[in-house]
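Each remark here refers to the structure printed beneath this line.
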Amino acid sequence: MTALVLLEHDGHAVKQPSRSALAAAARLGGEVHALLAGSGLAEVAVAAARLPGVTKLLVADAEAYAHALAEPLAALLVALAPGYTHILAAATAMGKNVLPRAAALLDSQPISDVSEVIDADTFVRPIYAGNALATVRSADAKKVITVRAASFDPVAAEGGSAAAEPVEAPASQAGSRFVSAELVKSERPELTAARVVISGGRGMQNGENFHLLERVADRLHAAVGASRAAVDAGFVSNDMQVGQTGKIVAPELYIAVGISGAIQHLAGMKDSKVIVAINKDEEAPIFQVADYGLVADLFKALPELADELERGA
Amino acid sequence: MKLLVPVKRVVDYNVKVRVRADGSGVETAGVKMSMNPFDEIAVEEAVRLKEKGIASEVIAVSLGVAACGETIRTALAMGADRGILVETDAELQPLAVAKLLRAIAEREQPGLIILGKQAIDDDMNATGQMLAALLGWPQGTFASKLEIAGETIAVTREIDGGLETVSLSRPAIVTTDLRLNEPRYASLPNIMKARKKPIETLTPAALGVDPAPRLALVKVVEPAKRQAGKKVGSVAELVAKLKTEAKVI
Ligand SMILES: Cc1cc2nc3c(=O)[nH]c(=O)nc-3n(C[C@H](O)[C@H](O)[C@H](O)COP(=O)(O)OP(=O)(O)OC[C@H]3O[C@@H](n4cnc5c(N)ncnc54)[C@H](O)[C@@H]3O)c2cc1C
């Protein structure tokens with residue numbers, strides 16, 4: 001039994017959700033190999049070979065993989081599949097795009113967003129926005145799995161020494177072409193990796209006001225998130241959405257500001273260790289999941305919070 | 001160009017679901033059912049493409065129990081032209097749905113299939129990608145913008161770091177994200193008109209597909225409940241509690 005984990009990277013380092021996928025793969029009980037695909041991989045291949053628990057690192061360095069398009073990556077996974085019983089990736093936008101495509105080509109029903117590994121065939125996954133947890137057993141010869149990163153502590157970034165091995169790119173008719181990307185640059189920690197997350201909702205009223213959150217985030221080294229309503233209204237960019245259909249986070253501390261607590265939002269943050277809610281409506285459902293609730297006007301509370309943290313520092 | 005839009009009947013997004021006491025699943029009896037919200041966005045996009053003269057016909061497909069016909073009617077009331085119902089009482093998982101949709105796509109030869117990126121019941125986020133694979137078509141998932149020029153489709157995708165645009169050659173698969181559009185409400189006259197639009201009924205057997213599920217459901221449980229905590233009276237008290245009690249800052 002050997003598992004192959006498709007790694008996600010930025011050309012320099014392997015992304016943290018992939019290290020959670022490696023942790024999930026280790027729970028299967030067999031050997032774990034990792035696949036690094038992209039164009040110009042020399043630097044990141046050195047980093048990837050150090051990931052603990054990985055016995056072999058496959059490196060597919062080709063122009064076709066430069067933008068992680070699903071069509072060539074799925075073809076690559078299918079070409080490598082004969083050597084593996086399990087194929088995994090983190091349930092990121094990339095993993096969710098690529099793995100089901102590979103699964104269909106392998107005649108396998110993918111198991112999405114796995115939050116617990118019971119054994120090599122049996123997995124737990126949230127359904128209905130996390131309001132129920134389903135245990136499912138796969139009868140497929142090859143299991144294709146995306147991993148809910150927030151549910152598995154990532155393996156360390158270093159400590160292993162995998163043998164790297166180049167792999168050939170199989171031919172694939174893409175039909176798709178990368179045009180452009182508009183990536184949001186931020187000095188802050190990534191939402192899915194941050195120890196503290198502070199999110200704003202419709203109550204923030206506009207994008208400008210997110211500065212109030214950022215001042216607090218600066219003190220706490222926090223990532224800044226948002227509700228769907230805040231993204232839809234154009235206050236902030238889509239990559240900040242937390243929830244059923246946005247990012248799933250489980251930080252040590254989650255601070256929800258001006259967010260009512262719809263089930264779709266809770267789905268993305270209710271596994272946080274400590275939840276704080278700041279909302280002027282004491283009936284807001286967010287208070288039902290908050291460890292500490294502050295009924296207050298956020299425009300008063302946020303500057304006070306920043307001041308208080310600055311004083312304490 | 002014909003457009004195919006699969007629509008799923010799911011528990012309405014406003015319903016707080018209840019897990020059955022025997023762990024066999026989520027209670028769906030007597031619960032309000034609606035079209036999956038992402039599929040509404042898909043129907044809206046298809047109807048807009050028809051209104052712009054880019055598409056010639058919009059076909060709504062649903063798969064499952066007879067009541068899925070109502071979901072098709074909703075799509076017809078929004079502006080789809082005709083429906084196809086693949087009727088079965090069997091549980092359908094995304095791989096089976098993708099195979100059934102492939103069979104329909106081979107019959108109908110659409111230039112574009114628009115699906116919701118995920119269904120809000122099983123939260124799988126897989127059917128569109130699988131259908132693209134089975135047809136050998138390119139895919140543009142999690143779309144927040146769609147532009148069709150001649151034989152190519154530019155799809156702006158919501159990805160973890162922001163936005164990405166890919167160009168797909170037709171025929172292609174697109175899956176919708178929340179911000180692609182705001183679906184319309186069907187007007188009363190359009191609801192009346194939809195009653196006269198044709199719906200063809202097929203079966204998995206007629207399409208030559210074995211829909212047997214690959215994932216066996218072992219059990220369904222409720223997640224651990226979070227206890228509502230306490231209210232604090234001031235920002236100072238909050239910070240003190242986070243420092244000394246929760247010890248997270
Ligand atoms: C298919 C689908 C998928 C979805 N996916 C997601 C998702 O991934 N993530 C997500 O977040 N949502 C998602 N939603 C939307 C979700 O249902 C809610 O509409 C959304 O979360 C509401 O955002 P909000 O809490 O910011 O806004 P609202 O519900 O409008 O709440 C605003 C809150 O701000 C408070 N407030 C206002 N002014 C102040 C002030 N001055 N001081 C303090 N408090 C104030 C109000 O009391 C209120 O509680 C989804 C919905 C659907 C149908």
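Throughout, protein chains are lettered first and strands after them, A, B, ... in sequence-line order, and every chain is numbered starting at 1. Scope of the values below: all heavy atoms of this structure, side chains included, with no hydrogens, waters or symmetry mates.
- Between Arg177(A) and Val166(B) there is no side-chain heavy-atom pair separated by less than 4.5 Å.
- The two residues Ala104(A) and Leu134(B) have their closest heavy-atom pair at O-CD2, 3.8 Å.
- The candidate with the highest count of non-hydrogen atom pairs below 4.5 Å against chain A, out of Lys225(B), Glu245(B), Arg170(B), is Glu245(B).
- Each of Asp140(A), Leu105(A), Leu305(A) has some count of heavy-atom pairs under 4.5 Å with chain B, and the biggest count is that of Asp140(A).
- Ranked by heavy-atom pairs under 4.5 Å with chain B, the list Ser180(A), Ala91(A), Ala267(A) is led by Ser180(A).
- Between the side chains of Asn97(A) and Thr141(B), a donor-acceptor pair is found at a separation under 3.5 Å.
- Put simply, of Ile275(A), Val98(A), Asp107(A), the one with the most heavy-atom pairs under 4.5 Å next to chain B is Asp107(A).
- Looking only at side-chain heavy atoms (C-beta outward), Ile120(B) and Tyr128(A) stay at 4.5 Å or farther from each other.
- In this structure, chain A has a heavy atom under 4.5 Å from the side chain of Gln118(B), while its backbone stays farther away.
- With a 4.5 angstrom heavy-atom cutoff, Ser108(A) touches chain B only via backbone atoms.
- Counting heavy-atom pairs closer than 4.5 Å to chain A, the top-ranked of the candidates Val220(B), Asp121(B), Leu217(B) is Asp121(B).
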Checklist entry - What's the verdict on side chain to side chain contact (heavy atoms under 4.5 Å, CB included) for Asp113(A) and Asp123(B), showing C-alpha distance, side-chain angles and the deciding distance? => result CA-CA 9 Å; Asp113(A) 220 9; Asp123(B) 281 333; 5.8 Å; no
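- Both the backbone and the side chain of Leu215(B) come within less than 4.5 Å of a heavy atom in chain A.
- The most heavy-atom pairs under 4.5 Å with chain A, out of Pro223(B), Ala228(B), Gly229(B), Ala126(B), come from Pro223(B).
- Per-residue counts of heavy-atom pairs under 4.5 Å with chain B were compared for Leu133(A), Val295(A), Val276(A), Leu69(A); the largest is that of Leu133(A).
- Heavy-atom minimum distance, Ala93(A) versus Arg157(B): O-NH2, 4.4 Å.
- Using a 4.5 Å cut-off between heavy atoms, Val19(B) touches chain A through its side chain atoms alone.
- Contact count versus chain A (heavy atoms, under 4.5 Å) is highest, among Val239(B), Val155(B), Val15(B), for Val239(B).
- In this model, no donor atom of one side chain and acceptor atom of the other lie less than 3.5 Å apart for Glu237(B) and Tyr292(A).
- Neither the backbone nor the side chain of Ala74(A) comes within contact range of chain B, judged by heavy atoms closer than 4.5 Å.
- Contact count versus chain A (heavy atoms, under 4.5 Å) is highest, among Leu131(B), Thr127(B), Leu168(B), for Leu168(B).
- Under the side-chain hydrogen bond (donor to acceptor under 3.5 Å, both in side chains) criterion, Arg48(B) pairs with Glu44(B), not counting sequence neighbours.
- For the options Ser186(A), Ala290(A), Ala296(A), heavy-atom pairs under 4.5 Å to chain B are most numerous at Ala290(A).
- At a threshold of 4.5 Å between non-hydrogen side-chain atoms, the residues Met130(B) and Pro110(A) count as touching.
- The local environment of CD in Glu190(A) is sparse, with at most 12 non-hydrogen atoms from other residues, nucleotides or ligands closer than 6.0 Å.
- The shortest side-chain heavy-atom distance between Arg214(B) and Ser138(A) does not fall under the 4.5 Å cut-off.
- Side-chain atoms of Gln129(B) come within 3.5 Å of backbone atoms of Lys96(A) as a donor-acceptor pair (strictly under, hydrogens ignored).
- Your options are Val26(B), Leu238(B), Ile249(B), and the one with the most heavy-atom pairs under 4.5 Å with chain A is Val26(B).
- Scanning all heavy atoms of the two residues, the minimum distance from Val184(A) to Gly162(B) falls at CG2-CA, 4.3 Å.
- Residue contact with chain B, scored on non-hydrogen atoms closer than 4.5 Å, involves the side chain of Gln264(A) exclusively.
- The neighbour count for Lys231(B) NZ, taken as heavy atoms of other residues, nucleotides or ligands under 6.0 Å away, is above 12.
- The minimum heavy-atom distance linking Glu222(B) with Asn131(A) is given by the pair CG-O, 4.3 Å.
- Between Asp291(A) and Lys230(B), none of the side-chain N atoms (NZ, or NE/NH1/NH2) sits under 4.0 Å from a carboxylate O, so this pair counts as no salt bridge.
- Inter-residue side-chain proximity for Glu182(A) and Glu164(B) is flagged as unmet; no heavy-atom pair is nearer than 4.5 Å.
- Using a 4.5 Å cut-off between non-hydrogen atoms, the part of residues 175-182 of chain B that approaches chain A consists of Leu178(B), Arg179(B).
- By number of non-hydrogen pairs under 4.5 angstrom with chain B, the leading residue of His67(A), Lys270(A), Lys300(A), Glu252(A) is Lys270(A).
- Heavy atoms closer than 4.5 Å to chain A are found in both the backbone and the side chain of Tyr13(B).
- Salt bridge Asp122(B)/Arg125(A): absent, no basic N to carboxylate O contact under 4.0 Å.
- Atom-to-atom distance recorded for Ile263(A):CD1 and Asn14(B):CG is 7.5 Å, nearest 0.5 angstrom.
- For the pair Lys117(B) and Thr245(A), the minimum side-chain heavy-atom distance is below 4.5 Å.
- For Glu71(A), the part sitting under 4.5 Å from any heavy atom of chain B is the side chain, from C-beta outward, and nothing else.
- Looking at Lys185(A), neither its backbone nor its side chain comes within 4.5 Å of chain B, counting heavy atoms on both sides.
- Using a 4.0 Å cut-off between charged nitrogen and carboxylate oxygen, Arg226(B) and Asp271(A) do not count as a salt-bridge pair.
- Around CZ of Arg137(A), the count of heavy atoms belonging to other residues, nucleotides or ligands within 6.0 Å does not exceed 12.
- Looking at Leu294(A), the atoms closer than 4.5 Å to chain B (heavy atoms on both sides) sit in the backbone and in the side chain alike.
- Around atom CZ of Arg188(A), more than 12 heavy atoms belonging to other residues, nucleotides or ligands sit under 6.0 Å away.
- When all heavy atoms of Arg101(A) and Trp137(B) are compared, the pair lying nearest together is NH1-O, 2.8 Å.
- In this structure, Asp160(B) and Lys247(A) have side chains that are in contact, with non-hydrogen atoms separated by less than 4.5 Å.
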